[in-house]
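See structure below.
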Amino acid sequence: MKELVEQVREAGVVGSGGAGFPTHVKLEAQAEWYLANGAECEPLMHKDRELMVHFGREVVDGLEKAADCVQAQKTAIGIKSKNRNAIDAIQAAIRRDSMHVHEFGDFYPAGDEYELVYGITGRLIPPQGIPLNIGVVVNNIETLVNISRAVAGKPVTDTFMTLTGLVKTPLTTWLPIGLSVREALQIAGGPMIDDFAVMESGLMMGKLVQNLDQPITKTTGGLIVLPAAHDLIKRISRPTAAQHRIGHSACDQCSYCTELCPRYLLGYEVKPHLVMRSLGFTQMGKELWNQNALLCCQCGLCTLYACPEGLYPREACVQGMNDLRKADKGKWTGSCDIQVHPMKNSRRVPIKMLMNRLGVSQYESHAEYQEMRVEPARVVMPLKQHVGQAAEPVVKVGESVRRDQLIAEIPDGKLGARVHASIDGKISAIQNERITIERG
Ligand code: SF4
Ligand code: SF4
């Protein structure tokens with residue numbers, strides 16, 4: 001058990017699906033359930049499906065090893081029913097009676113950790129809690145592949161990504177960490193228009209790429225190219241002050257944002273319409289942001305789907321959470337009695353309807369896995385691709401390194417993750433929490 005924790009720590013494995021929590025720390029727990037999250041629900045993204053189809057054995061192997069490590073008696077993999085080939089590949093790889101596939105419908109946000117845990121185990125995570133509070137550990141699919149590879153001595157040097165939208169050849173593949181967004185897009189034939197914008201890791205919960213020279217990291221799940229003039233890009237590019245100003249004057253308190261909020265429907269006290277009301281009654285809402293924002297998971301459904309006025313309830317919730325934390329009032333003090341809303345199932349949002357609403361249905365593609373070896377001339381390796389402290393360089397400028405070689409270590413006694421070279425080459429710079437490696 002300790003051996004796996006050490007192997008995963010040495011390999012620099014972090015949660016690939018979100019902020020990058022160091023996986024070896026999760027493996028130190030004890031839990032009843034170990035879940036694999038393959039219920040990918042970001043529109044246009046297909047990386048989890050492709051991983052399960054093409055690397056199903058490694059997914060199952062990583063899950064078995066991780067489950068044994070935390071002494072979990074039950075294991076399950078959440079997959080959408082529509083991804084039949086992924087289900088078949090995983091079923092064929094399963095070797096234990098204690099492991100099963102749990103099928104989800106094609107709704108957003110099926111892959112939210114709270115939704116996944118409830119869907120499979122019937123348990124509800126306490127407000128502001130983590131799955132471990134109710135005896136569950138969850139990893140995303142790529143993380144499990146990386147756990148399996150860590151045992152084989154292979155550190156994390158590549159990230160599995162979908163490249164899609166307005167690119168010539170949408171595809172999903174492994175790419176070396178540290179490759180620039182600009183070069184990554186060229187792997188898919190490049191953008192098909194001159195005036196484009198790029199979303200990183202999803203349209204709903206991802207970020208707008210501000211600089212095409214920024215490197216891809218362990219947590220980059222994909223790149224989606226859209227026209228710069230697309231409504232979605234224009235909406236998320238609006239400055240925060242303008243978002244709140246519009247909300248201040250235009251919110252009619254219809255409460256659709258709350259009635260369709262997945263966390264509210266799961267039984268948590270998330271009420272974005274009340275957070276929006278704060279905007280109306282205070283100076284930009286800064287004084288009275290209330291607890292109704294604290295349990296928001298930032299799924300974006302209220303802003304990008306529910307609100308008929310095109311307002312920004314998610315952004316109001318995010319601002320509210322940040323303000324409460326700064327004022328040292330970020331802890332949930334409300335009720336912990338969670339009752340699932342009776343309308344939860346009938347108010348789920350089908351992905352097809354969400355894509356129509358976002359205006360991205362025409363960009364859907366299979367983006368199937370293509371095996372390739374990408375060998376860039378240069379990579380820029382961020383020292384902080386994870387939750388915790390930045391890793392500390394263990395190499396010097398001018399030093400030659402080999403792919404897989406350790407280049408940065410976790411600071412003593414801190415939470416963090418190691419970083420390994422993703423190409424053979426020479427260290428040409430160490431600055432701004434980044435190590436640059438030039439091939440040659
Ligand atoms: S859906 Fe829009 S208009 Fe209605 S309460 Fe929410 S923010 Fe206001
Ligand atoms: S982003 Fe909106 S819909 Fe999603 S959890 Fe937060 S308040 Fe609810």
Side-chain angles (χ1 to χ4, degrees), residues 18-19 39 41-43 107-119 124-130 199 201-207 231-232 235-236 238 240 242-282 284-285 288-325 330 332 334 338 340-341 343-351 353-354 357-358:
C41 57
E42 275 280 0
F107 301 102
Y108 183 86
D112 170 54
E113 209 162 68
Y114 281 49
E115 292 278 346
L116 184 99
V117 168
Y118 174 68
L124 288 159
I125 300 170
Q128 287 187 324
I130 57 171
M199 289 295 293
S201 300
L203 300 176
M204 298 297 288
M205 296 189 72
K207 289 179 298 199
D231 267 357
L232 180 70
R235 285 206 67 195
I236 59 179
R238 185 169 274 152
T240 310
Q243 293 174 356
H244 295 340
R245 194 171 54 243
I246 302 165
H248 184 93
S249 57
C251 177
D252 61 9
Q253 288 290 290
C254 69
S255 81
Y256 282 3
C257 49
T258 296
E259 295 300 329
L260 286 174
C261 168
R263 282 286 165 98
Y264 168 76
L265 292 168
L266 205 47
Y268 297 88
E269 271 190 60
V270 184
K271 293 183 180 158
H273 77 286
L274 292 183
V275 181
M276 292 299 282
R277 195 181 293 173
S278 299
L279 284 175
F281 290 135
T282 66
M284 299 306 290
L288 281 182
W289 292 110
N290 55 52
Q291 287 232 326
N292 293 294
L294 270 180
L295 305 181
C296 162
C297 66
Q298 304 179 33
C299 72
L301 210 58
C302 51
T303 292
L304 296 172
Y305 182 83
C307 180
E309 312 286 345
L311 305 182
Y312 294 87
R314 171 190 45 194
E315 288 67 16
C317 286
V318 170
Q319 179 83 48
M321 275 191 272
N322 291 341
D323 287 353
L324 284 171
R325 282 188 194 132
W332 175 252
I338 313 300
V340 176
H341 196 290
M343 299 297 282
K344 174 177 165 41
N345 284 345
S346 48
R347 289 200 195 148
R348 287 179 301 181
V349 174
I351 295 288
M353 280 171 69
L354 177 61
R357 181 72 192 246
L358 295 176

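Counting convention: from 1, in listed order, for ligands and their atoms alike.
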Return the residue, atom name and 0.1 Å-rounded distance of the protein heavy atom closest to [atom].
atom: atom 5 (S) of ligand 2; value: Cys297 N, 3.5 Å
atom: atom 4 (Fe) of ligand 2; value: Cys299 SG, 2.4 Å
atom: atom 6 (Fe) of ligand 2; value: Cys296 SG, 2.4 Å
atom: atom 2 (Fe) of ligand 2; value: Cys302 SG, 2.2 Å

Looking at [Y], is its backbone amide N or carbonyl O close enough to the side chain of [X] to form a donor-acceptor pair, meaning the two atoms are under 3.5 Å apart?
X: Glu269; Y: Pro127; answer: no
X: Arg263; Y: Tyr268; answer: no
X: Tyr305; Y: Met353; answer: no
X: Glu42; Y: Leu203; answer: yes

Point-to-point distance, once rounded to the nearest 0.5 Å, from [atom1] of [X] to [atom2] of [Y]:
X: Lys207; Y: Ser201; atom1: NZ; atom2: OG; result: 7.0 Å
X: Cys41; Y: Met205; atom1: SG; atom2: CE; result: 8.5 Å
X: Ile125; Y: Glu113; atom1: CD1; atom2: CD; result: 5.5 Å
X: Asp231; Y: Ile236; atom1: CG; atom2: CD1; result: 11.5 Å
X: Arg277; Y: Ser255; atom1: CZ; atom2: OG; result: 9.0 Å

- Message: Any N/O/S atom from Cys261 (main chain or side chain) under 2.8 Å of atom 8 (Fe) of ligand 2?
- Response: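 It does; at least one qualifying atom falls short of 2.8 Å.
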- Message: I need the contact type for Cys257 against ligand 1. Using non-hydrogen atoms and a strict under-4.0 Å cut-off, is it side chain, backbone, both or neither?
- Response: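 For Cys257, the contact with ligand 1 is made by both the backbone and the side chain.
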- What do we get for Asp252 next to ligand 1 when only non-hydrogen atoms under 4.0 Å count, side chain, backbone, both or neither?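 Both backbone and side chain of Asp252 come within 4.0 Å of ligand 1.
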- Message: So, 2.8 Å as the limit: is an N/O/S atom of His273 located closer than that to atom 8 (Fe) of ligand 1?
- Response: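 Of the N, O and S atoms in His273, none lies under 2.8 Å from atom 8 (Fe) of ligand 1, which means no.
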Enumerated ligand 1 atoms positioned under 4.0 Å from heavy atoms of [X]:
X: Glu309; result: 3 (S)
X: Cys307; result: 1 (S), 2 (Fe), 3 (S), 7 (S)
X: Met276; result: 7 (S)

- Message: If we only consider heavy atoms of Pro308, is any one of them less than 4.0 Å away from an atom in ligand 1?
- Response: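 Judged by the 4.0 Å heavy-atom criterion, Pro308 does count as contacting ligand 1.
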- Message: Yes or no: does Pro272 have any heavy atom under 4.0 Å from an atom of ligand 1?
- Response: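 It does not; every heavy atom stays at 4.0 Å or beyond.
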- Pro262 neighbourhood, listing ligand 2 atoms whose heavy-atom distance to it stays under 4.0 Å: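 Taking each heavy atom of Pro262 in turn, ligand 2 has 3 (S) under 4.0 Å.
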- Message: Please list, in number order, the atoms of ligand 2 under 4.0 Å from a heavy atom of Arg314.
- Response: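 Ligand 2 atoms under the 4.0 Å threshold to Arg314: 1 (S).
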- Task: Decide salt bridge (Lys or Arg N to Asp or Glu O under 4.0 Å) for Arg235 and Glu315; before the verdict, give the C-alpha distance in whole Å, the side-chain angles of both, and the deciding distance to 0.1 Å.
- Result: CA-CA 11 Å; Arg235 285 206 67 195; Glu315 288 67 16; over 6 Å; no
